[in-house]
Chemist: 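Take this structure, written in structure tokens, and hold onto it; I'll ask about it next.
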Amino acid sequence: MSLECPSCNGKGLVIKGEKPCENCNGTGKVKSVNLVGMTEKDLKSLLSGGFCPKCKGSGKILVKEKCPDCGGTGKVPVCEICGKAVAPGQSLCESCINVRPVYKLSAACDVSDLDAGKTYLGRVANLADFGVFVSLNDQTKGLIHSSNVNRPYVPGEEVMVKVNTIKPNGNFDLIPQRVSEFKLIEVEKNLPRRKSSEVGKFVGKLVSISGEVVQIKQTSGPTIFTITDEDGVVSCAAFTEAGMRAYPEINLEEIVRVTGEIEMHNGSLQMEVLEMKKLSVADAAPIREVIERSIDARAAPAHVEFLIKSEALERLRPQMEKVARRIRRAIFKSEPIIVRHHADADGICAGVAIEKACLPLIKAQGDSDAEYHFFSRAPSKAPFYELEDINKDIAMALEDHERFGQAMPLILLMDNGSTEEDLDAFKYAQVYGIDLMVVDHHHPDEVVDQYLQAHVNPYHVGADFGITAGMLGTELARMINPDIGEKIMHLAAVAAVGDRSEAPERDQYVGLVKDRYTEEDLRNMALALDYEQFWLRYNDGKGIVDDILDLGNEGRHKALVSLLAGQAARMISDQLEASLPHVKSVELPNGAMLHVIDVENYAHKFTFPAPGKTTGEIHDLLCKKYEGKPTVTLGYGPDFAILRSRGVQMNIPKMVRELKEEVRGGGVNGGGHLVVGSIKFVEGMRKEVLEKLTQKIGRAPIG
């Protein structure tokens, strides 16, 4: 054990005085220079201004010699018991000279860590006719020869023994010791710290790593600790008994030093742990700093040019990069990520784009099943984060924390999350310390921002819902992982067509992929997504969705989209055939045509298309019929109303807030886009709510 020498500050040399510079004879000036035979040294002298390069113009040279306190090593020995500096050659300070040190080998130590003449704490392993075997740890065993056995020994009892001699073959003999006053000193394996990127070079060998615990997974056999450092992660298997937690004192987010043997397990590197120790605050601080600095550097998002030209996207870039950085940081810290998206074509495209960006990085960062532990994508039926959804996410996160020792997740909301309807879920997440981010194009309410780490929304930069969540998700995914840009480029176009965007960005995204997909192809993909998600309910349908979006087998993609889009079109046709005769139309005071349909009584229930899509399909047909005339379509049921509008300057979130105040006892809530949304109310107040709503639509500006 040693410390930096205080006399020489660890340099190994001390200044004894000074003497005249031999190069300039103490003048500090350069000697005369022969211009004919000028050397490189002479040229440097001239360029330095004529000063002697050796003494730099002082004319004197410092005289240095080896530091007498450390012998030129820069280190001074310290007391093995208390850690104070001692004189060279000594192992104990004056205050500890009468206290005898007794050493205890840590689990990773072997014979090479023993010193003859020192006393160690051991445990009787077994008895033999020729002596007593004593284990100093699980892999180091020595013998007390029968000639030195002076009392009966019992297997398992603790004993103190002195290492007498160590033979070249690794065998060593022991002599029993009786020590009354002693200090127990743990001997740790002295190995250099290896980084996760280096351990692959040491398969079959003993190594030591230091890093942060990011996952503790208890299996039916060993406990698996995932340790992250500045370069990546290492999976470490520690075993005490089958199914029993190893090192129960070690918790998530602590900095530890782990020593063990590197092996291949199921095709991946894994350390078989011999020793794991939590580092002190002082020892952990520099390692944590290095890890954080490295992760911050690696988490920086790629600066990619957007796929299209858009001033709105450029203004959104800082917030998008903030989201990308936070997601990349979560990946490199092995922090679980949950992507929650609206269950329509736009939301699905947004969520899938992020999924395709994250999974390759997660696989590269963790073990073979990391993608199943650290990423999930889930659809939300409502265009906001419902309490049902947050309850599922928190319950699953707590279960994963208990079963797999995972941290609480980062939640990214896409195509939802911007409105007051999300607040209850946000407050719930806040209780559990869950970080939330939103990428959405619904009209935002400022009150939500206090709960969010980042909020990407085109309304914040003067744009509107025409820039869809799928467009934003595709560009964001490229910032997270530029390598998947070509693979997911068409998702923005599918989202744009599926969400009926009329923004200038829509035609640019469609134009990017026109060589691969016609506009009808994109429309069919979007319809197939809506149709399939209806039957999937709350399941992400990962493999099926990949096939619909042409992210797998191309032949299967074409057959599946043709099948699903055809089935969806027939069911929509059947629904319209049943519903259209029951649509009631009236011209409002502002000149707009209002079309009303009772979707509870005049549409097929519990099947595709759902009331929202049924209303949307009716609206599209009536817009063509009354082309050029402002049109609003209202589909209603016992306790809900769905609105679609064209050519009328409505503000549905504002209408909802006003109805809350004006219809007492109505239980009004809801929201959505400015001209597309839904409203809920109590069934008994339907007449009052719909009357007030109709009046507001009739007063809305046209244009």
Chemist: Could I get the full list of salt bridge (charged side-chain N to carboxylate O under 4.0 Å, His left out) partners for E261, not counting sequence neighbours?
Modeler: none
Chemist: What residues, two or more places apart in sequence or in another chain, satisfy salt bridge (charged side-chain N to carboxylate O under 4.0 Å, His left out) together with R317?
Modeler: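 R317 satisfies salt bridge (charged side-chain N to carboxylate O under 4.0 Å, His left out) with E314, E321 once adjacent residues are dropped.
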Chemist: Taking ring-ring contact (aromatic ring centres under 6.0 Å, His included) as the test, write out the residues that go with F404, two or more places apart.
Modeler: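 F404 satisfies ring-ring contact (aromatic ring centres under 6.0 Å, His included) with H373 only.
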Chemist: Donor-acceptor pairs are to be reported for all side-chain atoms of residues 197-204 against protein atoms at under 3.5 Å, with residues two or more places apart or in another chain.
Modeler:
{"unit_1": "S197", "atom_1": "OG", "unit_2": "D231", "atom_2": "OD2", "d": "2.5"}
{"unit_1": "E198", "atom_1": "OE1", "unit_2": "K195", "atom_2": "N", "d": "2.8"}

Chemist: Any salt bridge (Lys or Arg N to Asp or Glu O under 4.0 Å) involving residues 476-486? Give me the pairs, sequence neighbours left out, ordered by first then second residue.
Modeler: E475-R478
Chemist: Would you please name every residue forming a side chain to side chain contact (heavy atoms under 4.5 Å, CB included) with N126, sequence neighbours left out?
Modeler: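 N126: side chain to side chain contact (heavy atoms under 4.5 Å, CB included) contacts with F133, K141.
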Chemist: Show me the donor-acceptor pairs within less than 3.5 Å that the side chains of residues 275-283 make with the rest of the protein, sequence neighbours left out.
Modeler:
{"unit_1": "E275", "atom_1": "OE1", "unit_2": "S106", "atom_2": "OG", "d": "2.7"}
{"unit_1": "E275", "atom_1": "OE1", "unit_2": "A108", "atom_2": "N", "d": "3.4"}
{"unit_1": "K277", "atom_1": "NZ", "unit_2": "E188", "atom_2": "OE2", "d": "2.5"}
{"unit_1": "K278", "atom_1": "NZ", "unit_2": "E254", "atom_2": "OE2", "d": "3.2"}
{"unit_1": "S280", "atom_1": "OG", "unit_2": "D283", "atom_2": "N", "d": "3.2"}
{"unit_1": "S280", "atom_1": "OG", "unit_2": "D283", "atom_2": "OD2", "d": "3.3"}

Chemist: According to salt bridge (charged side-chain N to carboxylate O under 4.0 Å, His left out), who are the partners of K333, at least two apart in sequence or on a separate chain?
Modeler: E212, E292
Chemist: Please tabulate, for the side chains in residues 238-246, all donor-acceptor contacts under 3.5 angstrom to protein atoms that are two or more places apart in sequence or on a different chain.
Modeler:
{"unit_1": "R245", "atom_1": "NH1", "unit_2": "Y247", "atom_2": "O", "d": "2.7"}
{"unit_1": "R245", "atom_1": "NH2", "unit_2": "I250", "atom_2": "O", "d": "2.8"}

Chemist: What verdict does the side-chain hydrogen bond (donor to acceptor under 3.5 Å, both in side chains) test give for E263 and Q270, after you've listed the backbone C-alpha separation in whole Å, the side-chain angles of each residue and the deciding distance to 0.1 Å?
Modeler: CA-CA 5 Å; E263 296 182 355; Q270 180 174 279; over 6 Å; no
Chemist: Can you sort out the partners of Y120 under ring-ring contact (aromatic ring centres under 6.0 Å, His included), two or more places apart, ordered by chain and number?
Modeler: Y103
Chemist: In chain order, what residues pass the salt bridge (charged side-chain N to carboxylate O under 4.0 Å, His left out) check against E65, with sequence neighbours excluded?
Modeler: K16
Chemist: If you look only at pairs with a residue in residues 101-111, which of them pass as a salt bridge (Lys or Arg N to Asp or Glu O under 4.0 Å), with sequence neighbours excluded?
Modeler: D110-K189
